[in-house]
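Hydrogens, waters and symmetry mates are skipped; everything else that's a heavy atom, side chains included, is used. Here the structure is a predicted model, which is why all the values come from computation and not from measurement. Order of the sequence lines sets the chain letters (A, B, ...), proteins ahead of strands, with each chain counted from 1.
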Number of protein chains: 2
Amino acid sequence: MADLTGKKPHHHGDLRAALIQSGIEILTESGLDALTLRRCAARAGVSHAAPAHHFDGLAGLRGAIAKEGFDRFRQQMLRARAVGGQDPKGRILSLCRGYLEFAVENPGLFTLIFSCGPMSQFEEDMNAGSATAYGVLRETCAPFVPKDTDPMVIETQVWSLIHGFSHLFLAGTFGPGHGPPDHHRLFAPVMALLQEIGTDPAPK
Amino acid sequence: MADLTGKKPHHHGDLRAALIQSGIEILTESGLDALTLRRCAARAGVSHAAPAHHFDGLAGLRGAIAKEGFDRFRQQMLRARAVGGQDPKGRILSLCRGYLEFAVENPGLFTLIFSCGPMSQFEEDMNAGSATAYGVLRETCAPFVPKDTDPMVIETQVWSLIHGFSHLFLAGTFGPGHGPPDHHRLFAPVMALLQEIGTDPAPK
DNA sequence: TCCTCCAACTTTACGCTGTAAACTTTACAT
DNA sequence: ATGTAAAGTTTACAGCGTAAAGTTGGAGGA
């Protein structure tokens with residue numbers, strides 16, 4: 001008979017979810033290097049070998065945490081775009097702002113997400129609709145795509161630009177001169193490019 | 001008296017350089033996770049504790065390898081820009097091509113370089129001249145900087161774009177649909193944006 | 001020439017890590 | 001009640017970074 005309660009059959013309520021949550025907390029508090037199987041298990045209150053029954057080793061746990069992190073990332077993108085209003089330029093700028101904010105506020109999780117392989121493993125069907133991360137990006141960029149242009153080119157441009165900026169900023173590559181996150185300096189280059197792109201928006 | 005021969009006083013010829021070279025080889029052959037102190041020492045033919053006399057732990061060795069890798073990266077940028085000829089658009093495109101190629105051909109080293117903090121630690125004076133990586137980028141972008149515009153905005157745009165594209169491609173985020181490195185598909189988005197930027201070049 | 005010193009390297013040791021195997025406990029179906 | 005499989009524990013092992021103690025060999029002063 002099916003388990004109508006949703007509870008796991010033994011001991012712990014939902015160890016799998018607890019381990020993922022513990023991992024995210026460790027990631028937030030102590031960074032990527034501190035994310036170990038044994039620490040996650042200890043924080044969840046189980047023995048160090050317990051995670052083996054729920055994940056395929058450390059790589060499996062990292063992947064599950066990345067998937068959960070990506071889901072939070074996707075939801076933040078949706079919220080960010082919403083506050084951007086109806087103006088296409090406002091929406092895309094708000095989206096980029098949300099992207100960078102997530103990276104700055106969750107550096108360990110952000111790094112983990114983008115070191116775990118293709119985004120497609122987090123989203124079953126990238127063409128499903130506006131609920132997917134790629135769907136959010138695609139629809140937000142749509143007003144800026146001229147006729148006779150592959151939309152993917154524009155999407156890849158915007159994605160590469162904001163991701164590269166976020167990554168370089170996060171890694172500290174720009175140097176201490178650029179930090180800490182001063183939003184005015186932070187978004188100036190992004191805004192400038194978006195104005196370039198938005199110079200000739202093709203409605204519909 | 002000073003050592004005129006340049007040789008180290010004891011046993012090994014130049015263990016420090018040998019350890020860095022071993023590290024780069026391990027990085028190339030087996031990836032970032034395989035880069036350990038003990039493996040570097042073993043490949044260099046010394047005991048596992050020997051590196052402690054030349055580097056400040058694993059972090060120190062990684063930093064030294066990153067610095068050496070960044071130097072090779074910088075030289076490849078210089079060569080790439082040279083083959084781009086005199087046309088500003090050709091030069092900047094060639095530079096981006098070299099950037100991406102280095103990332104694809106040296107994924108472990110590329111990842112290591114951009115996870116070791118500010119670029120300024122690799123270059124004493126970023127404003128020194130065209131020999132520095134930032135100098136190469138700045139001078140190559142110069143023809144595209146309109147009057148009344150902070151050059152850094154354009155430089156940051158180009159850098160973020162090509163770095164974001166390289167990083168996302170390298171991490172496999174785009175998915176298997178984008179790989180393996182097919183240069184035509186690979187550079188299409190970059191070229192498209194560079195044409196946007198280059199639409200209104202301001203000579204000198 | 002001999003002596004001393006010290007940097008370079010080795011050896012040993014410790015705690016932490018991921019992983020595998022054996023063992024124990026619990027819930028469920030028969 | 002009984003068998004079975006899942007869930008968690010215990011034990012064990014090799015590899016890791018790091019620290020401390022021990023060893024070696026060459027350089028420089030007497």
Side-chain angles (χ1 to χ4, degrees), chain A residues 1-27 29-66 108 111-112 115-116, chain B residues 1-27 29-66 108 111-112 115-116:
Chain A
M1 182 182 181
D3 186 354
L4 299 179
T5 68
K7 279 189 178 180
K8 285 288 157 57
H10 189 40
H11 280 172
H12 203 285
D14 189 353
L15 182 55
R16 185 188 156 87
L19 286 169
I20 292 176
Q21 180 57 29
S22 299
I24 292 180
E25 290 171 9
I26 291 171
L27 216 46
E29 295 170 8
S30 312
L32 197 53
D33 292 339
L35 182 65
T36 68
L37 269 175
R38 290 168 111 104
R39 260 198 271 258
C40 284
R43 181 180 276 252
V46 294
S47 77
H48 70 269
H53 293 272
H54 297 275
F55 306 99
D56 185 15
L58 177 61
L61 176 59
R62 286 167 56 104
I65 292 173
T111 303
L112 180 62
S115 62
C116 278
Chain B
M1 182 181 180
D3 186 353
L4 300 178
T5 67
K7 280 190 179 180
K8 285 287 157 60
H10 190 38
H11 281 172
H12 202 286
D14 188 354
L15 182 53
R16 185 188 155 88
L19 286 168
I20 293 175
Q21 180 57 30
S22 299
I24 291 180
E25 291 171 8
I26 291 172
L27 216 45
E29 295 171 7
S30 312
L32 196 53
D33 291 341
L35 182 65
T36 68
L37 270 176
R38 291 169 111 103
R39 260 197 272 258
C40 285
R43 182 180 274 252
V46 294
S47 76
H48 70 270
H53 294 271
H54 299 275
F55 306 100
D56 184 15
L58 177 61
L61 176 60
R62 285 167 55 104
I65 293 174
T111 304
L112 180 63
S115 62
C116 278

ask   = Taking for each residue the nucleotide of DNA chain D with the nearest heavy atom, is it His53(B) or Ala59(B) whose nucleotide lies nearer the 5' end?
value = Ala59(B)
query = What is the minimum heavy-atom distance between Arg62(B) and Cys116(B), and which atoms define it?
reply = O-SG, 4.2 Å
ask   = Going through the distances and angles, do Phe55(A) and Ile65(A) end up as a side chain to side chain contact (heavy atoms under 4.5 Å, CB included)?
value = CA-CA 11 Å; Phe55(A) 306 99; Ile65(A) 292 173; over 6 Å; no
request  = May I have the distance from Asp33(A) (atom CG) to dC16(D) (atom C1'), rounded to whole angstrom?
outcome  = 13 Å
request  = Write down the distance between CZ (Arg62(A)) and P (dG18(C)), rounded to a whole number of angstrom.
outcome  = 10 Å
inquiry  = List the residues meeting salt bridge (charged side-chain N to carboxylate O under 4.0 Å, His left out) with Arg43(B), not counting sequence neighbours, and say none if there are none.
reply    = Glu25(B), Glu29(B)
request  = Give, ordered by number, those residues of residues 34-41 of chain B having at least one heavy-atom distance below 4.0 Å to an atom of DNA chain D; if nothing qualifies, reply none.
outcome  = Thr36(B), Leu37(B), Arg38(B), Arg39(B)
query = Quick one: His54(B) NE2 to dT10(C) C1', roughly how many Å, whole number?
reply = 13 Å
query = Going by heavy atoms closer than 4.0 Å, what residues in residues 17-25 of chain A are next to DNA chain C?
reply = none
inquiry  = What is the distance, to the nearest angstrom, from the CG atom on Leu15(B) to the C1' atom on dC9(C)?
reply    = 9 Å
key: Distance, rounded to the nearest Å, where Leu58(A) contributes CG and dA20(C) contributes C1'   = 15 Å
Any residue meeting side-chain contact (heavy atoms from CB on, under 4.5 Å) with Leu37(B), in chain and number order, not counting sequence neighbours = Pro51(B), Leu58(B), Leu61(B)
ask   = Considering only side-chain heavy atoms of Ser47(A), which listed nucleotide, dA8(C), dT9(D), dG8(D), is closest?
value = dT9(D)
inquiry  = By nearest atom, which of the nucleotides dC9(C), dT10(D), dA19(D) is closest to the His48(B) side chain?
reply    = dA19(D)
ask   = By side-chain contact (heavy atoms from CB on, under 4.5 Å), which residues pair with Ala34(A), not counting sequence neighbours?
value = Ile26(A), Ser30(A), Arg39(A)
task = Sequence neighbours left out, what passes side-chain contact (heavy atoms from CB on, under 4.5 Å) with Ala17(A)? Give chain and number order.
result = Asp14(A)
ask   = dG8(D) P sits how many Å from Arg16(A) CZ, rounded?
value = 13 Å
